[in-house]
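Down below is the structure, laid out as structure tokens.
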Amino acid sequence: MTKTLRYAGLAVSVLALTAMAAGAQEVVDDQLVVNGEIPIVTEAPAPDYASALGTIRSGWTFRSEDTQMMQADDFDNPGMLGVEAARAAFNSEMGTGGESCASCHDDPESLSTVRGTYPKWDEEHGTVQTVEMQVQECQTERMGMEEPYGYNSTDMINMVALLSSVARGTPVNVAIDGPAEATWKQGEEMYYTRYGQLELSCANCHEDNYDNMIRADHLSQGQINAFPAYRLKDAALVSVQNRFRGCIRDTMGETFAVGSPEFVALELYVASRGNGLSVEGPSVRN
Amino acid sequence: MAENVTPRVRVPSEATAGEVVTIKTLISHTMESGQRKDDQGNVIPRSIINRFVAAFNGETIIDVTLEPAISTNPYFEFDAKIPESGTMTFTWYDDDGSTYEDAHDITVG
């Protein structure tokens, strides 16, 4: 009886705390709801091929509360500045044809299925394409731009952030079978290959040791559902493949280039490990 | 002239008399410190927002001096007591002499 009472008292005080936090901030417990209206799935059962993880977790669940809260409100999310810039670019003329993205696509919201399903097999080019490659294809083949956005340029990252922002809350669901399978297998091979002088594979940190500290860094599962990510230490949006490059550099290895076929394969594989999480970018990370 | 400078403000449009409301402001700005050098080794000249002022019906609420160590896209959040209906004005002062302004009406119902 005493025990029950004590527990009841505890429950009340916990509730009171939660209520206080909810009054001041949008984030309650482990739930991420952007702007109070877009629920984000940050934990989900792992797909079969990533069963070693058990539960897949967005990088958001590994960050400190302050960083988490910045992402819950677009006003506090510095990545949204990039989204705004891209929204202006979306409606402005590019290239020789006098066309803008909006000439074909109306508004960015009409492209809300893109971010969750890319990288994706492209029949016309016979290759797996990332969102960046698709944007470049539009610019050079349809809009007559001689110089498309650079793969890792600010303009490109902003555009991907825009496409990601309109897809927030939709599930990541990249196809790994059919014609994309060979590329996916290549990515899987890379994921488990040790690189660099430190001889580290992606899996050594992000599968075997997630949630542990690597010196001062809290290791996540390396999910990419939340990219582009606004990294507080860079005070800028960072693309997926730029992050890959950073990881391989940190193994003291010679990295692949951003936009290379190797990184496209790795991006497809790593994206597929997050199938079931929500698209979350532009996210805020440390 | 700094490029792509856009002020953003979030203020509640309604309040009760004497209510303390939270105001959030953000301005996109490079905040070049004047300490950095370009590829050729030339110093990149300082270009920052050096002052931020918020006022309600002409009365200053907050007046901030910004220094070069403040990072890109300065963000301010502060509380203000709203005694009556009125207009809250926000002004950012750039090193190059330009000012950026925004204003929001608050109705006390």
Would you say [X] has more than 12 foreign heavy atoms packed within less than 6.0 Å of its [atom1]?
| X | atom1 | answer |
| --- | --- | --- |
| A:E109 | CD | yes |
| B:E14 | CD | no |
| B:I44 | CD1 | yes |

Next on the checklist: With rounding to the nearest 0.5 angstrom, report the CZ to CG distance, B:R10 to A:D76.
Outcome noted: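 B:R10 atom CZ to A:D76 atom CG measures 7.0 Å (nearest 0.5 Å).
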
Checklist entry - Just how far is it from atom CG of B:L26 to atom CG of A:L81, taken to the nearest 0.5 Å? => result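 Result: 5.0 Å between the selected atoms.
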
Next on the checklist: Taking side chain as everything from C-beta outward and backbone as N, CA, C, O, which of these in B:T72 sits under 4.5 Å from a heavy atom of chain A? Side chain, backbone, both or neither.
Outcome noted: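 When you check distances to chain A, only side chain atoms of B:T72 fall under 4.5 Å.
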
